[in-house]
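Working notes, beginning with the structure itself.
Reckoned from all heavy atoms, side chains included, excluding hydrogens, waters and symmetry mates. All chains are named by letter (A, B, ...) in the order of the sequence lines, taking the proteins before the strands, and each is independently numbered beginning at 1.
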Amino acid sequence: MGRDPRDRYCQASVSEHTNVDNSELSGSGLIAEKTRRLALLDEMRDQGRNPYPYRFDRTHTLDEVRSTWGDLEPGAETDARVSVAGRVMRKRDSGKLVFATIRDRSDDIQLFISKAVVGDDEFAAVKALDLGDWVGVEGTMMTTRKGELSVKPERVTLLSKAIRPMPDKWHGLSDVDTRFRQRYADLIINEQARRNFEIRHETVASFRRTLASHGFIEVETPVLHPEVGGAHARPFTTHHNTLDMHLYLRIAVELYLKRLIVGGMERVYEIARTFRNEGISTRHNPEFTMMELYQAFGDWNDVMDITEELITTAAHDALGTTVVSIRGEQVDLAKPWPRKRMIDYASEGAGVALHPSMPLTDVRKIAADHDVFVEDRWGSGKIIEEIFEKTSENDIVRPTFVTGHPVEISPLARVDRNDSFLTERFELFVNGRELANGYSELNDPVEQRARFEEEQAAKDAGDPEAGSLDEDYLRALEYGMPPTGGLGIGIDRLAMLFAGVDSIKEVILFPTLRPEQ
RNA sequence: GCCUCUCUAGCUCAAUGGUAGAGCAGUGGACUUUUAAUCCAUUGGUUCUGGGUUCGAGCCCCAGGGGAGGCACCA
C-alpha cells in the first residue's frame, strides 16, 4: 500500500467522500445512497476488480444491433456474438433471471441475463448493478418469447460506477432549474433533450455541407475585439493584462469577415459564438451562435437565395421535412418565401403611408397615434422600424423576408439602387422572430466613414449600443472590397424553430444562469 | 429593472393553521421470459433561507435567494 500512485484515490474512504461515519448510516437519503455505492467500490477493489476500467471494445452500437437483428422471430436464439456498451436505465430482477435495459447514444436494448449462463459470481455482480452504471456486455443475440430483441450476456463488465442516483425512471426530470444546471442529468433521462441537441447538430452540419457545396471557406476570427462594431448591442468588456488593453467580447463577426473579402477570400463564413450584454429571455442568451457569410460579387438577392437554401436544406436534414409546427399550425418552410418592404408593413400597420423621407415631426405624430415610444435622438427611419415592430413583426408567422430597411438603422448596408432613403437589406422573420439578417454590403470607404461618424455621434450623445468608428476596417475598405452580399443567421433561434421549443435554453446545452447558492 | 407564479425525501408529487405522506429509486425477502415487471416488508425530511403572527406554521405575514413566464430591453 502506498506504492501504487492510484492508492490515494482507490483507498479514499467512504467518510472522506461524504463526511459521514459509516457506522452511523441508515436509511436511503442521498448521503446514505452515495455511501452505499462507495462501499460497493471498496468491495470490488478488495476483490481485485476495477470499477473504472480504462477501455472497452464494442463491436456494435445499439442501433446497429437493432438494424441487424431487429427482425428476429419471438423466441429466437442465435450464435451471433456482439459486444455492446451502455448505461443501465432500468432493471427487472426475477430471481435467477435479470432483465436490464441499457442505453447508448443511438438506442436502448434489453439484456437477458441468466444466472445459468453467466455463473454465480458474475450474476451477483449483475444484481449489485445500480441504475446509472455503465456496463460493457459480451453475449449473443436473441429475442424473448414476447419478441423483445435482447442481448444474452456471457459477460457483463462494469465500465463506470454511478455514485449518485438517477432521476425518476418514469417521470424523468422536470424541474427546469435542475434540467438546465445539470444538463447531464437532463440528457441522461429526457429523450426530448437529446433530440433537441441532435436537431441543433444536424442543422449546423447541414449548413457546413451546403456552404461547402457553394465554395465557402470556414474561418475563425477574433472573439476579443478592440472596437465594438457590426451590430447594435451592448458588449461585455474585458482586459488583457500584459498588453494592458481594454477589449470587448465580439457582438458580431461582420467587420472581420469583410476584411477577408477585401483580402480576396471571396466566400467565407464563420459559425460564431457571439456575446451581448443584455437581458436574458426565452429568446436571448448572453452568448449565442450566429452563422455569418460573405459572398463576393453577389448582392442581397443572392443572399436571400442562399438563405432559403440553407434553411430548407437544414430542415430536411434535421427533421426529414420542411413542415414544422408553429403555434399549433403546420407551416411548410419550402421556398420561395415572400418578400415585403418594411415601410409597407409599417404603412399598413399605421394606416398611413410611411417613408423615411418624411419630415420627422410627421413620423413622430404617427408613432404617437399608435403608442410607439420614441427617443428624441431617433430619426424617421428608426421610428418607422419601431412602428413596424409594434404593429407587424409579431404577426409574421410564415417565413418572410422583410426588406428595404431605412438607411438610418443600417450603417453597414448599401443604399437601395432605386431609393436613396432605403438600403438593400432584409431580415427573415418566422414565428414573429428574427432569424436572419442580410444585405448588399456597403463597400464605398468614403460613405462608410460618413456612416461611422454618425454612429460615433450617437454614441457620444449617449446611445450605449451605437458602434464606434473602426479605422482599421475603413483602411481595409480603402484597399477595395468587391461588391458583396452578406448574411447572418441565428443558429439558436433556427434550432428552436426546428425543435419546436419556445425557450432558447432548450437548444443551448449550458445556458447562462446565476450560480447556485 | 417591474409584475405574476413557483421552491416539500435522490426524482415525480400530496398534505382545511393541528402527528409531514405516496409512487419511483434504495434496503431485506420471493420469483428463469420481464419490459413503468410483480408481490411482501422497510429506511429515508434543515418543507429554499432568515425573521414574524399564533397555543401551534410546509401552509398566513415580512425580508432575502434560486427558477419559470410576462413586460421592459433586444438589428
Side-chain angles (χ1 to χ4, degrees), chain A residues 25-37 74-75 89-101 108-117 123 130-132 142-150 152 162-182 185 188-189 230-234 251-252 254 276-286 288 290 342 373 382 385-386 388-389 393 402 405-406 408-413 423 425-427 429 433-434 436-439 464-467 488 490 502-503 505 511 513-517:
Chain A
L25 286 165
S26 65
S28 62
L30 180 58
I31 291 171
E33 179 62 13
K34 287 169 71 174
T35 305
R36 181 185 70 78
R37 299 192 190 200
M89 300 303 293
R90 283 187 289 279
K91 211 173 92 176
R92 298 174 290 282
D93 181 342
S94 67
K96 299 188 179 63
L97 198 58
V98 170
F99 298 89
T101 304
D108 291 2
I109 202 138
Q110 175 169 277
L111 306 180
F112 179 102
I113 307 160
S114 163
K115 186 175 188 180
V117 174
F123 197 69
D130 284 296
L131 301 188
M142 60 163 285
T143 50
T144 63
R145 287 174 196 162
K146 296 252 177 70
E148 179 79 27
L149 181 66
S150 307
K152 185 191 241 178
I163 294 308
R164 183 178 287 269
M166 290 218 295
D168 191 283
K169 67 180 179 184
W170 182 246
H171 298 97
L173 179 66
S174 60
D175 182 82
V176 284
D177 186 18
T178 309
R179 285 186 50 234
F180 296 153
R181 286 188 196 283
Q182 301 183 32
I188 287 170
I189 209 74
H232 209 204
R234 304 170 85 136
I251 59 169
E254 170 154 4
R276 295 188 183 176
N277 202 344
E278 291 167 350
I280 296 177
S281 76
T282 50
R283 292 167 297 282
H284 300 266
N285 196 62
F288 62 103
M290 299 236 299
M342 179 181 282
F373 173 77
K382 173 64 179 168
E385 183 195 33
E386 292 289 322
F388 159 74
E389 289 182 357
E393 182 181 73
V402 176
H405 298 53
E408 177 187 347
I409 57 168
S410 312
L412 298 161
T423 57
R425 177 177 172 193
F426 67 87
E427 288 179 305
F429 283 88
R433 297 173 188 148
E434 180 202 341
N437 178 23
Y439 32 88
E465 291 151 10
D502 291 323
S503 170
K505 292 186 175 75
L513 298 172
R514 283 195 173 84
E516 286 182 85
Q517 278 183 338

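Of the candidate nucleotides B/C31, B/G66, B/G23, B/G66 has the atom nearest to the side chain of A/Arg181.
In this structure, B/A30 forms a base pair with B/U38, meeting either the Watson-Crick or the G-U wobble geometry with both donor-acceptor distances under 3.5 Å. Base pairing of B/C59 is not made with any nucleotide, judged by Watson-Crick or G-U wobble geometry with both donor-acceptor distances under 3.5 Å. Taking a pair to require two hydrogen-bonding distances under 3.5 Å in either a Watson-Crick or a G-U wobble arrangement, B/G69 pairs with B/C3. Within the shown strands, nothing qualifies as a pairing partner of B/U54 under the Watson-Crick or G-U definition with both distances less than 3.5 Å.
Rounded to the nearest 0.5 Å, atoms CD (A/Glu385) and CE (A/Met342) are 5.0 Å apart. Rounded to the nearest 0.5 Å, atoms CG (A/Leu111) and OG1 (A/Thr101) are 7.5 Å apart.
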What's touching nucleotides 68-74 of chain B from the protein side, N or O pairs under 3.5 Å?
{"residue": "B/A68", "atom": "OP1", "partner": "A/Lys505", "partner atom": "NZ", "Å": "3.3"}
{"residue": "B/C74", "atom": "OP1", "partner": "A/Glu465", "partner atom": "OE1", "Å": "3.4"}
{"residue": "B/C74", "atom": "O2'", "partner": "A/Glu278", "partner atom": "OE1", "Å": "3.3"}
{"residue": "B/C74", "atom": "O2", "partner": "A/His284", "partner atom": "NE2", "Å": "2.3"}

Output one line per pair: protein atom, nucleotide atom from nucleotides 38-41 of chain B, and distance, for all N/O pairs under 3.5 Å.
none

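Partners of A/Phe388 under the ring-ring contact (aromatic ring centres under 6.0 Å, His included) rule, at least two apart in sequence or in another chain, are A/Tyr345, A/Phe429.
Residue A/Asp175 is the one, among A/Asp175 and A/Ile409, whose nearest nucleotide of RNA chain B lies closer to the 5' end (criterion: closest heavy atom).
Distance NZ (A/Lys152) to P (B/U35): 19 Å, rounded to an integer number of Å.
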